[in-house]
Amino acid sequence: MTRFAPSPTGYLHLGHAHAALVAHAEVRRSGGRFLLRLEDIDRARCRPEFEAAIVEDLAWLGLAWSEPVRRQSDHLVDYAQALAALEGLGVLYPCFCTRADIQAEIAAAGQAPHGPDGPLYPGTCRRRPAEERARLRAEGVAHALRLDVAKAAALPGPLTWHDRGRGVVRAEPAAFGDVVLARKDTPTSYHLAVTVDDHLQGVTLVTRGEDLFAATHVHRLLQALLGLDTPDYHHHRLLVDENGRRFAKRDKALTLRALREAGRSPAEARAMAGFV
Ligand code: GLU
């Protein structure tokens, strides 16, 4: 069972088509099922018209998926349960910092360790005394929930996963620091929702771009803490344009929609996405 999990924040481009076709090809080879999941927890950026366009454009490309489509915003209760379990393990803490607070703290420290997404969270709220946390919560100050990664990683001990391209990989979840598992504006985060969903949907092979390879270290730890299954992973290469740049939402001419409107056939679009 594989899945394609786009976020409805824009039209699908050739890079998305490549990712969807990789997952779909795997299922055609091994006879499993191909699922579609809409990762729409970012309410400010996701739009219903992009959701409808994803369904339409994938069908145009010639892909068929097993119903139902899972829309993350319909399943917030699943993420709340996972957060409660993590809370029970004592590995979460509330973080009241604003972006500006974090930047100021990093600047004051002179140098900050960097992770795959930039400077790591400096741990300000992890060190906050319990009474202060309680007071800020009582005052209704908005907060995120962060994973105390050092404490969390010590619970299961060393972890590995199997990656189709790299073999057995040893998980090093500390690379991202204390990641956010519930944001201030939405009661989950990418890392939490994707890990819970892959388990609940019975995904046995996660195929996704190699830009998300580092995130798998965190996902593997969450699986161990929550008692979730660990799928196989295949982090595929990212499709680039003729200038060697990754496709992005700014490349309007290379959305599937634009290709279709320009009279390209689905077979041509598949070839452009690296599949003949
Ligand atoms: N929703 C993510 C994206 O659009 C993909 C998540 C994943 O495949 O794990 O980049």
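Sequential numbering from 1 along the given sequence is applied to the chain's residues.
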Check: Any side-chain heavy atom of Arg33 within less than 4.5 Å of one from Val27?
Finding: no

Check: So, for Ile106 and Leu120, which heavy atoms are closest and what is the spacing to 0.1 Å?
Finding: CD1-O, 3.9 Å

Check: Which residues pass the salt bridge (charged side-chain N to carboxylate O under 4.0 Å, His left out) test with Asp229, sequence neighbours left out?
Finding: none

Checklist line | Donor-acceptor under 3.5 Å (Arg146 side chain, Asp178 main chain) | finding: yes

Check: What closest approach, in Å, do Leu61 and Ala17 show between heavy atoms, and which atom pair accounts for it?
Finding: CD2-CB, 3.8 Å

Item checked: Side chain Thr160, main chain Arg170, donor-acceptor under 3.5 Å -> no

Item checked: Sub-4.5 Å side-chain heavy-atom contact between Phe4 and Leu58 -> yes

Item checked: Close aromatic pair by centroid cut-off 6.0 Å: His217 and Trp161 -> yes

Note to self: Assess, by modelled atom type and distance only, whether the side chains of Gln201 and Arg37 contain a donor and an acceptor separated by less than 3.5 Å.
What the structure shows: yes

Note to self: Is the shortest side-chain heavy-atom distance between Thr216 and Val206 below 4.5 Å?
What the structure shows: no

Next item on the list: Going by the side chain to side chain contact (heavy atoms under 4.5 Å, CB included) test, name the single residue among Leu225, Val180, Leu192 that passes it with Leu147.
Entry: Leu225

Note to self: Can a donor-acceptor pair be found, under 3.5 Å and without considering hydrogens, that links the side chain of Lys184 to the backbone of Cys97?
What the structure shows: yes

Note to self: Are Tyr79 and Gln81 packed together at the side-chain level, in the sense that at least one heavy-atom pair is separated by less than 4.5 angstrom?
What the structure shows: no

Margin query: To the nearest 0.5 Å, what is the distance between CG on Asp78 and CZ on Arg70?
Written below: 5.0 Å

Notebook entry, point to check: For Thr2 and Glu26, does a side-chain donor sit closer than 3.5 Å to a side-chain acceptor?
Noted result: no

Next item on the list: Measure centre to centre between the rings of Phe275 and His18, then say whether the value is under 6.0 Å.
Entry: yes

Item checked: Student check: side-chain heavy atoms of Glu39 and Arg71 closer than 4.5 Å -> no

Checklist line | Residue pair Ala20 / Leu63: nearest heavy atoms and the distance that separates them | finding: CB-CD1, 3.7 Å

Next item on the list: Apply the test side chain to side chain contact (heavy atoms under 4.5 Å, CB included) to residues Glu261 and Arg257: give CA-CA distance (whole Å), side-chain angles for both, the deciding distance (0.1 Å), then the verdict.
Entry: CA-CA 6 Å; Glu261 279 160 12; Arg257 195 142 285 241; 3.8 Å; yes

Check: Taking the six-membered ring for Trp, are the ring centroids of His16 and Tyr11 within less than 6.0 Å of each other?
Finding: no

Margin query: Could you walk me through whether Leu136 and Glu139 satisfy the side chain to side chain contact (heavy atoms under 4.5 Å, CB included) test, starting with their C-alpha distance in whole Å, then the side-chain angles of each, then the deciding distance to 0.1 Å, before giving a yes or no?
Written below: CA-CA 5 Å; Leu136 291 168; Glu139 283 171 9; 4.0 Å; yes

Notebook entry, point to check: Can any side-chain N or O of Arg133 pair as donor or acceptor with the backbone N or O of Arg126 at less than 3.5 Å?
Noted result: yes

Margin query: I need the minimum non-hydrogen distance between Asp40 and Arg43, along with the two atoms involved.
Written below: O-NH1, 2.8 Å

Next item on the list: Indicate whether the side chain of His236 and that of Thr207 have a donor and an acceptor atom separated by less than 3.5 Å.
Entry: no

Margin query: Treating Glu268 as the side-chain partner and Ser265 as the backbone partner, does any N or O pair qualify as donor plus acceptor under 3.5 Å?
Written below: yes

Next item on the list: Taking the six-membered ring of Tyr93 (Phe, Tyr or Trp), confirm whether the NZ or CZ of Arg128 is under 6.0 Å from its centre and within 45° of its axis.
Entry: no

Checklist line | Inter-residue atom distance Leu222.CG - Leu181.CG, 0.5 Å rounding | finding: 5.5 Å

Notebook entry, point to check: Does the pair Leu205 and Tyr233 meet the rule for a side chain to side chain contact (heavy atoms under 4.5 Å, CB included), with working shown?
Noted result: CA-CA 6 Å; Leu205 172 66; Tyr233 286 86; 5.8 Å; no

Notebook entry, point to check: Looking only at heavy atoms, which two atoms of Pro122 and Ile102 are closest? And how far apart?
Noted result: CD-CG2, 3.8 Å

Margin query: For Cys125 versus Pro94, what's the shortest heavy-atom pair and its separation?
Written below: CB-O, 3.4 Å

Checklist line | Leu12 backbone acceptor or donor facing Thr255 side chain under 3.5 Å | finding: no

Margin query: Is it true that His235 and Asp163 share a donor-acceptor pair across their side chains at a distance under 3.5 Å?
Written below: yes

Item checked: Residue of the set Leu155, Leu226, Leu159 for which side chain to side chain contact (heavy atoms under 4.5 Å, CB included) holds with Leu221 -> Leu159

Notebook entry, point to check: Any sub-3.5 Å donor-acceptor pair from Thr98's side-chain atoms to Asp101's backbone N or O?
Noted result: yes

Note to self: Donor-acceptor pair, distance only, cut-off 3.5 Å: does the side chain of His114 make one with the backbone of Ala112?
What the structure shows: yes

Checklist line | Donor on one side chain, acceptor on other, Arg45 and Ser7, under 3.5 Å | finding: no

Check: Between Arg166 and Phe213, is NZ or CZ placed under 6.0 angstrom from the six-membered ring centre and within 45° of the ring axis?
Finding: yes

Next item on the list: Taking atom types as modelled, find out whether Thr195 and Arg220 have a side-chain donor-acceptor pair closer than 3.5 angstrom.
Entry: no

Notebook entry, point to check: Just wondering, are more than 12 heavy atoms of other shown residues or ligands nearer than 6.0 Å to CZ in Arg127?
Noted result: yes

